[in-house]
Amino acid sequence: MPTANAPFVPPGSGWPEDPAAPDTPVAHGTGDVVELAAKAPDLDELSARQSVCRACDRLVEWREKVAVQRRRAFADEEYWGRPIAGWGAAEPRVLIVGLAPAAHGGNRTGRIFTGDRSGDWLFASLHRVGLAALPTSVHAGDGQRLIGARMAATVRCAPPDNKPTPLERTTCLPWLAREVEMVAPSVRCIVCLGGFAWQGVWPALKQAGYGVPRPRPKFGHGAEAELVPPPSAAHREPVLLLGCYHPSQQNTFTGRVTEDMLDTVLTRARDYGRV
């Protein structure tokens with residue numbers, strides 16, 4: 001008799017790049033997220049705690065339902081089925097922020113921006129500009145690594161219809177704010193993929209101690225804003241915030257986003273990060 005599909009990979013059970021252990025503390029509500037994010041002693045432990053969060057009932061139910069039912073093309077693959085932690089360099093010069101993982105992308109592969117068409121475009125561009133070791137990102141443990149860069153998301157679980165609710169974004173905010181705070185000493189440039197990520201990063205920046213412009217700049221492809229670095233930063237020069245259209249299938253198929261457009265923004269981020 002075939003074994004039923006598991007709703008998620010148990011922490012510490014051998015999945016490649018799993019940041020968590022069986023005893024990693026689990027957030028079961030908003031208060032837990034606030035406390036566990038604030039008290040994480042380092043980036044590794046923060047990533048571990050992000051990856052086992054169960055604070056949002058709707059998102060937990062959806063991500064695990066997808067992991068059990070699976071898409072036909074991936075029916076024989078085990079799904080991660082857990083939140084997607086931040087990933088990349090521990091002391092990045094460039095921080096890339098997206099909205100949320102895809103149901104059959106990161107929710108399947110266990111790595112942010114991995115396993116879907118958007119990720120294919122993003123990693124190909126990162127490789128072309130020298131921020132990724134390989135042109136593809138297929139699955140956690142495939143040998144891919146970021147060079148001077150890190151990725152995070154405003155919401156860590158795959159949401160139904162790719163649309164987290166305002167409450168879910170607010171609940172997840174402490175994970176992002178704490179990660180932004182931890183990497184602030186080295187970060188010179190932050191790239192927001194899409195308007196939702198642009199909106200979601202501002203409260204995280206404020207909580208992390210950045211000085212932000214007022215009024216808030218509007219999102220657009222190639223939009224730029226200068227941020228005052230927090231006291232923890234290893235430099236006092238402005239940190240550059242860049243807007244970039246999301247390389248979604250809708251955008252790439254219609255030509256709203258091209259390879260040159262993506263490369264231009266990421267080259268700007270790379271070069272500013274070297275200053």
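Since the structure is predicted, the reported quantities are computational estimates derived from the model, not experimental observations.
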### Message
Can you list everything that forms a ring-ring contact (aromatic ring centres under 6.0 Å, His included) with His139? Sequence neighbours excluded, please.
### Response
Trp15
### Query
Residues in ring-ring contact (aromatic ring centres under 6.0 Å, His included) with His235, at least two apart?
none
### Query
Tell me, do Phe123 and Leu134 make a side-chain contact under 4.5 Å, heavy atoms counted?
no
### Task
Indicate yes or no: at least one non-hydrogen side-chain atom of Leu205 is less than 4.5 angstrom from one of Ile190.
yes
Other ILVMFWY residues reachable from [X] by side-chain steps of under 4.5 Å:
| X | answer |
| --- | --- |
| Leu59 | Val155 |
| Tyr79 | Trp62, Val66, Phe74 |
| Val138 | none |

For [X] and [Y], indicate whether the former's side chain and the latter's backbone hold a donor-acceptor pair under 3.5 Å.
| X | Y | value |
| --- | --- | --- |
| Asn251 | His246 | yes |
| Gln207 | Pro174 | no |
| Thr109 | Thr114 | yes |
| Glu45 | Ala40 | no |
| Arg54 | His28 | no |
| Thr258 | Gly255 | no |
| Gln144 | Ala133 | yes |

### Message
Name the residue from Val97, Leu122, Leu242 that meets the side chain to side chain contact (heavy atoms under 4.5 Å, CB included) definition with Leu193.
### Response
Leu122
Is the count of non-hydrogen atoms from other residues, nucleotides or ligands lying under 6.0 Å from [X] atom [atom1] greater than 12?
| X | atom1 | value |
| --- | --- | --- |
| Arg236 | CZ | yes |
| Gln249 | CD | yes |
| Glu224 | CD | yes |
| Asp42 | CG | yes |
| Tyr210 | OH | yes |

#### Entry: Test side chain to side chain contact (heavy atoms under 4.5 Å, CB included) applied to Arg169 and Gln199, step by step
CA-CA 11 Å; Arg169 292 198 296 268; Gln199 294 174 13; 5.6 Å; no
Give me the atom names and distance for the closest heavy-atom approach of [X] to [Y].
| X | Y | answer |
| --- | --- | --- |
| Glu168 | Cys56 | CG-SG, 4.0 Å |
| Arg70 | Glu77 | NH1-O, 2.7 Å |
| Leu241 | Cys192 | CD1-SG, 3.7 Å |
| Pro19 | Ser47 | CG-O, 3.7 Å |

### Query
Looking at Arg178 and Glu181, does any basic side-chain N land under 4.0 Å from a carboxylate oxygen?
yes
### Task
Start with the C-alpha gap between Val33 and Cys172, add the side-chain angles, then the distance that decides, and say whether side chain to side chain contact (heavy atoms under 4.5 Å, CB included) holds.
CA-CA 7 Å; Val33 175; Cys172 210; over 6 Å; no
### Message
If I take atom CG from residue Leu126 and atom CH2 from residue Trp121, how far apart are they, to the nearest 0.5 angstrom?
### Response
13.5 Å
### Task
Please test Leu176 against Arg156 for side chain to side chain contact (heavy atoms under 4.5 Å, CB included), starting from the C-alpha separation and ending with a verdict.
CA-CA 9 Å; Leu176 178 63; Arg156 305 303 169 123; 3.8 Å; yes
### Task
Only pairs at least two apart or in different chains count here, so list each salt bridge (Lys or Arg N to Asp or Glu O under 4.0 Å) that has a residue in residues 16-37.
Glu17-Arg111, Asp18-Arg82, Glu35-Lys39
### Message
Taking the cut-offs as 6.0 angstrom to the six-membered ring centre and 45 degrees off its axis, would you call Arg117 and Phe253 a cation-pi pair?
### Response
no
